Amino acid sequence: TCITDVANFRDTAGRMIYGFPWIQTSIDGVLTYTNPASWIASVLSQTSPHIDPAYVKNTAFLGGITALKQTLTRAGYIQAMAAGIMAFENDQDIGFKIKSGVVTQIADSSKVLVLRRRMADFLTNSAARFLKNYQNAVNSTGNRTLIKSAFMTFITGLENVGILPKDKEVKSGKAKIV
């Protein structure tokens, strides 16, 4: 049913997330099923954009989960991921966690991970905020050189703390082009 339903929520930008299944938690002492969207939002709001929501340490943000309304088999999780569904699982060794950090956009395989969309937005928004300093400035070689230098310094800082990969860490080509 969820695989059929997610087809109604496709996007091409990779910003839509379809969570499954409903999650049980205790609210004022009463066990209640809640929409998985709030649990996904909790993880995303407390992690850096380069961190996959399915990262095992994100279980720390899911401590209130007491059960899942439905469980999937391994084949079911594979089908859900292929369909663009961010499913939760109860791993017997780890606890409740997100199984696959995917978005509903499945047409372009390079854009299925939520961390890819979050990082693209983070970098674009960071550049846009910085460029406001040069709004309506002369389009001179000097200004363009200053801007590129600032971008490269920003990128190097992100590389040094492990948020962005360095060019030598990718198999072919460059990790980024400025």
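The structure displayed is predicted, hence computed values, not measured ones.
Residues Gln105 and Thr12 approach most closely at CG-O, 3.6 Å, considering heavy atoms. The two residues Pro21 and Leu68 make their nearest non-hydrogen contact at CG-CB, 3.9 Å. Of all the heavy atoms in Asn143 and Ala137, the pair that sits closest is ND2-CB, 3.8 Å. Nearest heavy-atom pair across Ala54 and Gly101 is CB-N, 3.8 Å.
Counting heavy atoms from C-beta on, the side chains of Lys69 and Ile23 never come closer than 4.5 Å. Using a 4.5 Å heavy-atom threshold, the side chains of Ile155 and Lys176 count as touching. Inter-residue side-chain proximity for Leu44 and Arg118 is flagged as met; some heavy-atom pair is nearer than 4.5 Å. Leu131 is listed as a side-chain neighbour of Phe151, based on a closest heavy-atom distance under 4.5 Å.
A continuous path of hydrophobic side-chain contacts links Ile65 to Ile40 [ILVMFWY only; heavy atoms under 4.5 Å]. Residues Tyr134 and Leu123 share a single hydrophobic cluster, defined by chaining ILVMFWY side chains whose heavy atoms lie under 4.5 Å apart. Note on Met81: it clusters hydrophobically with Val112, by side-chain heavy-atom contacts below 4.5 Å among ILVMFWY residues. Using a 4.5 Å cut-off between side-chain heavy atoms of Ile, Leu, Val, Met, Phe, Trp and Tyr, with links allowed through other members, Trp39 and Val103 fall into the same hydrophobic cluster.
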Exercise. Side chain to side chain contact (heavy atoms under 4.5 Å, CB included) between Phe122 and Leu158: does it pass, once the steps are laid out?
Worked result: CA-CA 12 Å; Phe122 166 73; Leu158 293 175; 3.9 Å; yes
Problem set entry | Trace of the side chain to side chain contact (heavy atoms under 4.5 Å, CB included) decision for Val6 with Arg10 | CA-CA 7 Å; Val6 73; Arg10 296 272 180 244; 3.6 Å; yes
Problem set entry | Derivation and outcome, side chain to side chain contact (heavy atoms under 4.5 Å, CB included), residues Ile17 and Val114 | CA-CA 8 Å; Ile17 299 171; Val114 71; 3.6 Å; yes
Exercise. Taking it one step at a time, do Phe20 and Gln70 satisfy side chain to side chain contact (heavy atoms under 4.5 Å, CB included)?
Worked result: CA-CA 9 Å; Phe20 178 86; Gln70 294 172 278; 3.3 Å; yes
For this session: Show your working on ring pair (Phe, Tyr, Trp, His ring centres under 6.0 Å) between Phe130 and Phe154 and close with a plain yes or no.
Result: CA-CA 10 Å; Phe130 172 75; Phe154 177 66; 8.7 Å; no
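To the nearest 0.5 Å, atoms SG (Cys2) and CD (Gln79) are separated by 9.0 Å. Atom CD1 of Ile147 sits about 14.5 Å away from atom CE of Met152, to the nearest 0.5 Å. Atom NZ of Lys111 and atom CG of Asp11 lie 10.0 Å apart (nearest 0.5 Å).
Counting only distance, with no hydrogens or angles, the side chain of Thr73 and the backbone of Gly76 share a donor-acceptor pair below 3.5 Å. The main-chain N or O of Tyr18 is never found under 3.5 Å from a side-chain atom of Thr104 such that the two would form a donor-acceptor pair. Proximity of a side-chain donor or acceptor of Ser42 to a complementary backbone N or O of Ser38 within less than 3.5 Å is not detected. Ser109 contributes no side-chain N or O that, together with a main-chain N or O of Ile106, makes up a donor-acceptor pair within less than 3.5 Å.
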Under 3.5 Å donor-acceptor pairs involving side-chain atoms of residues 161-168, not counting sequence neighbours:
unit_1 : atom_1 : unit_2 : atom_2 : d
Asp167 : OD1    : Ala175 : N      : 2.8

Throw together a table of side-chain donor-acceptor distances under 3.5 angstrom for residues 85-94, partners on residues two or more places apart or in other chains.
unit_1 : atom_1 : unit_2 : atom_2 : d
Asp91  : OD1    : Asp93  : N      : 2.8
Asp91  : OD1    : Ile94  : N      : 3.1

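Checking Thr66 against Gln24 by side-chain atom types alone, a donor-acceptor pair falls below 3.5 Å. With no hydrogens or angles considered, no side-chain donor-acceptor pair links Thr34 and Trp22 at under 3.5 Å.
For residues 145-158, the set of pairs meeting the side chain to side chain donor-acceptor pair (under 3.5 Å) definition, not counting sequence neighbours, is empty.
Residues satisfying the ring pair (Phe, Tyr, Trp, His ring centres under 6.0 Å) test with Phe96, not counting sequence neighbours, are none. Here Val43 pairs with Thr47, Pro53, Asn58, Phe61, Leu62, Ile98 under the side chain to side chain contact (heavy atoms under 4.5 Å, CB included) rule; sequence neighbours left out. Evaluation of the salt bridge (Lys or Arg N to Asp or Glu O under 4.0 Å) rule for Arg117 yields Asp121 as partners, not counting sequence neighbours.
The neighbour count for Tyr33 OH, taken as heavy atoms of other residues, nucleotides or ligands under 6.0 Å away, is above 12.
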